[in-house]
Participant: 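My questions all concern the structure below.
From a predicted model like this one, the values you see are computed outputs, not experimental measurements. Counting from 1, the numbers follow the sequence of the chain as shown.
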Amino acid sequence: MDRRFLSAALVITVAGCASHEAVELRKFPYPYRAALAICSDIDETESIEKFIEIQRFLNTTIETSFGLGLGLEVGNSFWFYNQQFELHNRRQAGDSVPDVYFSGVPDLGISLFSGTSDSLSAHAPILFALIRAGYIDCLHSYGNFGVGGFSPALAERAAELLQRESLRVDVFTNHGGRENEHNLGDALRHLGDNPTSDLYHAAFTRSLDVKFLWRGHLTHVVGQDGDCSIKNLAKLTYERLQDLFYTAQDFPHDNKLVHIMQLDDSRKVFDFVRYINPWGRYSVAREPFIPHQLGQAQIDELIASRGFMIFYTHLGVNPQPPYLHDSTIAALRYVAARNETGELLVTTTSKLLNYYVHCKYLYWQTRNQSDTLYIMIDSIANEVEGSFVPTEADLEGLTMYVPLTTPIQLLVANEPIPFVTNAKDETGRFSISVPWRPLKFPDDTDLKGVNSALGDSDSVLTSHR
């Protein structure tokens, strides 16, 4: 009886060869050939109305001001706090406020708390509903702070809030310029994981269930863990040369989506890379550049390379309508079309990362008994999550090539779990899958207050029908 440790990038079969009679882990959920997450940072999204209308276009199939919705699993991020918003409001009220340094343009974006106070913002229930539904899946640091604006007490309050609401967020993306010293990672100014620093918050962040970290690693390669090409090797060489002049952090350049990284407090996280653009152009990850960064050519290349990719952008940066340009809408419709054909899996950052690491660190074995093939999943084990017996949710989308000559049982801890049998894919092989359960966008009752604020969307946003 063979037991194999499988990598999502390297396929090993029980029989030792890729025959049609072997049990083998498929790289992507059936029938997809590649996977994409559009990972948008919340910066400059200054109104809940804009935020919701963009998400409705991305996530639903209803009519929106941008046309018929795409019905995609595209997530977004959030802030707990926005100090700049708070100081702006105090100035508007005539209060005397300290002169606090913020880099970049003024950012009055939405947050869960009102400014840095302990009062929830008016749209907090809407954000709660989207976190609960899985459409807000990334914490874009604790918020938008100037120099000296963050304290660990704010992280403690934030952690208590999510625990009270029974919510979890497992992806943390660093935010902003040099003043955001509470970021995580190996840059000298990132002190959130340094237990000797007054800004240390990783202990509270751990209680949020955060296990994935984006500390700033960007790539120009279309498709991570995909098929190698001369063009991609050239891009990786270019990235290494770039890093000769950027010494603040040490990034690997092996085109893997995820690496395990040890933080300063010895805790380990999954450190992931985000794709920004194909050749170093359009260095600012903003909505108007999406057609050049994630256009038809890049989507076709991603599918051809059979890779994973997390795309870095800011969907809400445009202060005036139209919030999404026609060229962006066309690019996103092409993404939706390739998703509809079953070639490109489009899902949230959290779902993609969890699928990736759970497949990579899966332990399983097979046994033939009484004319039945038993596929027995033992555990998922890695340095970040430890070793645990997975639930059905942990295995969502898991697909295995199997022979259909005998009955099959899929077991976890000797208990059967449901699966579906798939038709032959492009390899000519049959497979079984743990069902991929699509997210459900909150209904109008969960988003109370937004519809009345939006009114007739044509009167609020420029129509793109």
Participant: Quick one: do the Gln92 and Asn89 side chains pair a donor with an acceptor below 3.5 Å?
Facilitator: no

Participant: Hey, is Arg206 close enough to Asp265 for a salt bridge, meaning N to O under 4.0 Å?
Facilitator: yes

Participant: Can you tell whether the side chains of Asp271 and Arg215 come within less than 4.0 Å, N to carboxylate O?
Facilitator: yes

Participant: Backbone N or O of Leu154 within a donor-acceptor pair of the Tyr81 side chain at under 3.5 Å?
Facilitator: yes

Participant: Is Lys256 paired with Asp225 through a side-chain N to carboxylate O contact shorter than 4.0 Å?
Facilitator: yes

Participant: Give the minimum heavy-atom separation between Ser77 and Ser40, together with the two atoms involved.
Facilitator: OG-O, 2.9 Å

Participant: Do you know which two heavy atoms are closest between Met261 and Gly185, and how far apart they sit?
Facilitator: CE-CA, 3.8 Å

Participant: Going from CD on Glu49 to CD on Glu46, what distance comes out if it is rounded to the nearest 0.5 angstrom?
Facilitator: 9.5 Å

Participant: Can you measure from CG (Leu362) to CG (Asn382) and round to the nearest 0.5 angstrom?
Facilitator: 11.0 Å

Participant: Do the side chain of His314 and the main chain of Ala285 share a donor and acceptor less than 3.5 angstrom apart?
Facilitator: yes

Participant: For residues Tyr238 and Gln242, is any side-chain donor paired with an opposing acceptor at under 3.5 Å?
Facilitator: yes

Participant: Nearest 0.5 Å please: distance from the CG atom of Asp107 over to the CD atom of Gln83.
Facilitator: 12.5 Å

Participant: Within the 3.5 Å criterion, strictly below it, is a donor on Asn59 or Glu73 matched to an acceptor on the partner's side chain?
Facilitator: no

Participant: If only side-chain N and O atoms count, and only distance matters, is there a donor-acceptor pair under 3.5 Å linking Asn277 with Tyr312?
Facilitator: no

Participant: So, for Tyr32 and Leu344, which heavy atoms are closest and what is the spacing to 0.1 Å?
Facilitator: CD2-C, 3.4 Å

Participant: Return yes if a side-chain donor-acceptor contact under 3.5 Å exists between Asp227 and Ser305, otherwise no.
Facilitator: no

Participant: Hey, does the side chain of Ser141 reach the backbone of Gly143 with a donor-acceptor pair shorter than 3.5 angstrom?
Facilitator: yes

Participant: Between Arg437 and Glu396, does a salt bridge (Lys or Arg N to Asp or Glu O under 4.0 Å) hold up when you go through it step by step?
Facilitator: CA-CA 7 Å; Arg437 304 197 183 281; Glu396 185 175 328; 5.9 Å; no

Participant: Looking only at the side chains, is there a donor atom on one of His140 and Asn174 sitting less than 3.5 Å from an acceptor on the other?
Facilitator: no

Participant: Under 6.0 Å from the CG atom of Leu244, do we count more than 12 heavy atoms belonging to anything else shown?
Facilitator: yes

Participant: How close do Ser117 and Ser114 get, counting heavy atoms only, and between which atoms?
Facilitator: OG-O, 2.7 Å

Participant: Tell me, yes or no, whether the heavy-atom count around Asp198 atom CG, taken from other residues, nucleotides or ligands under 6.0 Å, exceeds 12.
Facilitator: no

Participant: Salt bridge check: are Lys50 and Glu44 linked by an N-O gap of less than 4.0 Å?
Facilitator: no

Participant: Taking the six-membered ring of Tyr142, is NZ or CZ of Arg157 closer than 6.0 Å to its centre and within 45° of its axis?
Facilitator: no

Participant: How would you list all residue pairs meeting salt bridge (charged side-chain N to carboxylate O under 4.0 Å, His left out) that involve residues 126-136, not counting sequence neighbours?
Facilitator: Arg132-Glu165

Participant: Between Phe145 and Phe102, does the ring centroid distance fall short of 6.0 Å?
Facilitator: no

Participant: Can you give me the closest heavy-atom contact between Ser111 and His123, atom names plus distance?
Facilitator: O-NE2, 3.4 Å

Participant: Looking at Glu181 and Arg189, is there a salt bridge between them, counting it only when a charged N and a carboxylate O are closer than 4.0 Å?
Facilitator: no

Participant: Please list all pairs passing the salt bridge (charged side-chain N to carboxylate O under 4.0 Å, His left out) test where one or both residues lie in residues 295-315, with sequence neighbours left out.
Facilitator: Lys231-Glu301, Asp300-Arg338, Arg306-Glu426

Participant: Is any NZ, NE, NH1 or NH2 atom of the basic residue among Asp41 and Arg286 found under 4.0 Å from an Asp or Glu carboxylate oxygen of the other?
Facilitator: no

Participant: Would the Tyr275 and His220 ring centres measure less than 6.0 Å apart?
Facilitator: no

Participant: Taking the side chain as every heavy atom from C-beta outward, state whether Ile329 and Phe57 have any atom pair closer than 4.5 Å.
Facilitator: yes

Participant: Rounded to the nearest 0.5 Å, what separation is found between the CG atom of Leu184 and the CG atom of Asp264?
Facilitator: 9.5 Å

Participant: To check you understand the geometry: which heavy-atom pair defines the closest contact between Val171 and Leu353, and what is its length?
Facilitator: CG2-CD1, 4.3 Å

Participant: Using only atom types and a distance under 3.5 Å, with no angle test, would you say the side chain of Arg240 pairs donor to acceptor with the backbone of His253?
Facilitator: yes

Participant: Does the plane of the ring in His292 sit parallel, tilted or perpendicular to the ring in Phe289? Use 30° and 60° as the thresholds.
Facilitator: tilted

Participant: Taking the six-membered ring for Trp, are Phe113 and Trp79 ring centroids under 6.0 Å apart?
Facilitator: no

Participant: Assess, by modelled atom type and distance only, whether the side chains of Asn144 and Asn82 contain a donor and an acceptor separated by less than 3.5 Å.
Facilitator: yes

Participant: Keeping Asn318 on the side-chain end and Gln320 on the backbone end, is there a donor-acceptor pair under 3.5 Å?
Facilitator: no

Participant: Which one of Leu72, Ile299, Leu345, Val74 satisfies the side-chain contact (heavy atoms from CB on, under 4.5 Å) criterion with Leu36?
Facilitator: Ile299

Participant: Just by distance, do the side chain of Gln249 and the backbone of Tyr246 share a donor-acceptor pair under 3.5 Å?
Facilitator: no

Participant: Do Pro106 and Gln84 have side chains that get closer than 4.5 Å, going by heavy atoms?
Facilitator: yes

Participant: Counting the benzene-type ring for Trp, do Phe270 and Phe272 have ring centres under 6.0 Å apart?
Facilitator: no

Participant: Return yes if some donor-acceptor pair links the side-chain N/O of Thr60 with the main-chain N/O of Gly69 below 3.5 Å, else return no.
Facilitator: no

Participant: Centres of the His182 and His175 rings: under 6.0 Å?
Facilitator: no

Participant: Parallel under 30°, tilted from 30 to 60°, perpendicular over 60°: which one fits the rings of Phe251 and His217?
Facilitator: parallel

Participant: Tyr323 and His325: aromatic ring centres closer than 6.0 Å?
Facilitator: no

Participant: Classify the side-chain pair Thr313/Glu287 by whether it contains a donor and acceptor separated by less than 3.5 Å.
Facilitator: no

Participant: Is there a side chain to side chain donor-acceptor pair (under 3.5 Å) between His259 and Asp254 once you walk through the steps?
Facilitator: CA-CA 10 Å; His259 296 85; Asp254 54 7; 2.9 Å; yes

Participant: Would the distance check show the side chain of Thr328 and the main-chain N or O of Ile290 forming a donor-acceptor pair, the cut-off being under 3.5 Å?
Facilitator: no

Participant: Taking atom types as modelled, find out whether Asn354 and Lys211 have a side-chain donor-acceptor pair closer than 3.5 angstrom.
Facilitator: yes

Participant: Are Phe172 and Phe212 an aromatic pair by the rule of ring centers under 6.0 Å?
Facilitator: no

Participant: Quick check: does any side chain N or O of Glu53 sit under 3.5 Å from a backbone N or O of Thr64, one acting as donor and the other as acceptor?
Facilitator: no

